[in-house]
Structures are given as C-alpha cells and as structure tokens.
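Okay, so here's the structure we're looking at.
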Amino acid sequence: MTDPANHIEDLRTQFDRDLTQATSESDLRAVRDRYLARKGGLVSNLLKALGSAPPQERPRLGQLANRLKQDIEERLTTRLSETERTRPPKEAVDVTLPGRAPALGHRHPLTILRERIEDIFMRMGFLVLEGPELEDDYHNFEALNMPPEHPARDMQDTLYLASPVRSAVGSPATLLRTHTSGMQVRYMEQFPPPVRLIAPGRVYRRDNFDLTHTPMFTQVEGLVVGEGVALSDLKGTLMVFLRELFGHDRQVRFRPSFFPYTEPSAEVDISCGKCGGTGVDPVSPKPATDSRAGEGGCPMCKRSGWVEILGSGMVHPAVFEAAGYDAERYTGWAFGMGIERVALLKWGVEDIRLFYENDLRFLEQFPL
C-alpha cells in the first residue's frame, strides 16, 4: 500500500514546478488559489483527506501536511512581495517602450474634391480665380442681370451686413456673396476676351442647416468668353469634366432651365450612381408596378435615374454690357455648382452636415 506521505512529497514537487514557471503576479496568485483555496485547493483537499487515514498515522501525516502548507504560504508570500516591490508606480511611463505613432492629419474631403475639380479644369486651360467673400450689391446682383425686384435678392436668401464695409476691390461691401459669379464680372471689367476661368470659394445663403442645405457652402463657377463660343462647347466641356470626376460610365444630360444671367439656360444631370440609372433601389428592389410611392425606388434619384449636378447656360448679353464687352462680337457660357452637393453624389453621403461636424471616424474614410 502506498504511503500517504509520498503523496504529500509529490504535491511539494508539483508546487515547486508550478512556482518556478510562474513569471508574473497574476501567475503567482493563480498558483496560490490552486493550492491554498479553501474550496478546491490541493492542500485544503489534502488536509480534509487526512480524516480517513488510520488513527495511528494521523499525527505524522498531519505534521507533514501542515509543514507543506506553511512552506507553500511562506514561499508564495516571499515571491509576491518581490513582485510588488518591482511593480512600477501607478501611471508610470515605461521609457523603454517604443513611442506611439502620432495620428497624421490630412486634407478635408471637401478640400480634396475642390483640388480635384481645379486640377481637371486647369488641365483644360482654365485660370483659377479667387475673390472676396464680402461683396457689393452691383457685382453680386445688378451686373448679373438681377434688378432690385428679383426674387433672388430677397432677404430670405441673402445675408446683408448691418453696415457697409470698405472693400479693397471697389465700392463698399454690403452683403456676404451668394455666389462667386461676381468674380467673373470683376475679371471681365479688367481684362478683354478671350476668358477661360473658374472661380471657387465659400458663399453664403439664408438656408436652414439640414440634410442637404447649409448657410455656408463652397461653390465653383466657370466662365468662357470669346468669338464664336457656342452652346456645343459648353456641353462638350461639361461632359468631359463630369465623366472625368465621376467615371466614364456615367451618362450626362441637359435640361432647359432659367437663370437671369444666362440665356438659354440648362440644368445638367448625371445618371444615378446608386442605382446605375435604373431608378430601382439596388438594396430592396420592388416591381415597377408597385403602386406604393417610393417603395422599391432609388432614394438618391427618387426613381428618375438622374440626379441634378449643376446649372449652366450661355452668358446673357446684359452681363456683357455691364462688364463692357461687345455682346454683338463675343459670346460665352457659364456654369455653377456646389462642391458639397458634388461630394454627396460622388461618395454617396446622405447628410451634408457630416462634412462640418469634425468626426474623425467619418473624415478618415476619404482617400488622400
């Protein structure tokens, strides 16, 4: 019959091995629980088992078991004390660790898109022109064939200054510009044809801040003037630009419209990138015969297959007269678009406010 004392020595040997393999404070505490826990601990189970040993053996075995328990407690206490002494202070910094790589910032997605638009037009020979955000009434409205009674001059659309501000580029400024077309007039006042320019910049409107509107946004307007400039030139240029920006698989169409500073005028649409121009929601399509409005239809293009991207047209003769150009000799075309709207369509963003909330989780998704 095996001597129970041998089991005690085997347990001591097993403890020695486990203690040697414990390298951290958590390892030591796990060893302590394994051997000394009141419920399920190996030493605790050993002491309980002595009750079934022969009466004459109990004193000897009890002495060996208690000595083992005392030895385990002392050795564990010593090792845990050593570990606590070498533990770094709270919130200490280990200077030997490699430093954290700093987060690198990059351009805002609207800046990326603006530079992309400028690059496309510069490769086509356009001049990039910037101007003041504070503008006077003449260059913002009157020179663009918008007399005082025109609806666009209503206070609900325009942010007027409480008092005029002396401007470095002419008469006192009285408002925040509602478009960058004023720079087209200013350029024509100073330089003769031919003209080929785009004017990007921030503009301001009395709009509510919602999913698709903001009181401040970035606009890009273009102007081409010369002898023999035709509507076909406008169409060809914009088709090249839009396919370069959105991809050659996108279709472009022109629809008749009205703007006071162009005649004739046209709205320009591109085929919907979400549904591929079908008008059917690719996520949850439904039969075309479904009579329930909106169900199964693409939410971006509202089932039409097309989305509006910009306005354009041939420059109105009244604008040439205000700038001092001979409307009988020269013709031209112009266009205007909001960069935020282009961003919504290009990247499939549904809320324009996301571009202004500085949420890095959103902004870091865009390509450099």
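The closest donor-acceptor contact from the side chain of R353 to the backbone of H213 lies at 3.5 Å or more, if one exists at all. Panel note: side chain H179, backbone N140; a donor-acceptor pair is recorded below 3.5 Å.
Pairs passing the salt bridge (charged side-chain N to carboxylate O under 4.0 Å, His left out) check and including a residue from residues 316-343, sequence neighbours excluded, read E227-R329. Residue pairs meeting the salt bridge (charged side-chain N to carboxylate O under 4.0 Å, His left out) criterion with at least one partner in residues 230-242, sequence neighbours excluded, are absent. Each ring pair (Phe, Tyr, Trp, His ring centres under 6.0 Å) pair with one or both residues in residues 220-268, not counting sequence neighbours, appears once here: F121-F241. Screening residues 247-273 for salt bridge (charged side-chain N to carboxylate O under 4.0 Å, His left out) gives R253-D269, R255-D269 as the qualifying pairs, with residues at least two apart or on separate chains. The salt bridge (charged side-chain N to carboxylate O under 4.0 Å, His left out) analysis of residues 356-365, with sequence neighbours excluded, yields the pairs D359-R361. Applying the ring pair (Phe, Tyr, Trp, His ring centres under 6.0 Å) test to residues at least two apart or on different chains, the pairs with a partner in residues 186-207 are Y187-F191. Under the side-chain hydrogen bond (donor to acceptor under 3.5 Å, both in side chains) criterion, the residue pairs touching residues 22-35 are D18-R34, D18-Y35, T23-D27, S24-S26, S24-D27, E25-R29, E25-R87, with sequence neighbours excluded.
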Using a 3.5 Å cut-off and no angle test, enumerate the donor-acceptor pairs between side-chain atoms of residues 331-339 and protein atoms at least two apart in sequence or in another chain.
residue : atom : partner : partner atom : Å
T331    : OG1  : V229    : N            : 3.1
T331    : OG1  : V229    : O            : 2.6

Got a list of side-chain donor-acceptor pairs under 3.5 Å for residues 214-226, not counting sequence neighbours?
residue : atom : partner : partner atom : Å
T214    : OG1  : M216    : O            : 3.1
Q219    : OE1  : T180    : N            : 3.2
E221    : OE1  : S181    : OG           : 2.2
E221    : OE2  : T180    : N            : 3.3
E221    : OE2  : S181    : OG           : 3.0

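The local environment of NZ in K346 is crowded, with over 12 non-hydrogen atoms from other residues, nucleotides or ligands closer than 6.0 Å. Counting non-hydrogen atoms of other residues, nucleotides and ligands closer than 6.0 Å to CZ of R123 gives a total above 12.
When the salt bridge (Lys or Arg N to Asp or Glu O under 4.0 Å) test is applied to E82, no partner is found at least two apart in sequence or on another chain. In terms of the side chain to side chain donor-acceptor pair (under 3.5 Å) criterion, H108 has no residue partners (sequence neighbours excluded). For the salt bridge (Lys or Arg N to Asp or Glu O under 4.0 Å) test, residues two or more places apart in sequence or in another chain that qualify with R12 are E9, D71.
Side-chain contact annotation: T174 with D136, donor-acceptor N/O pair under 3.5 Å absent.
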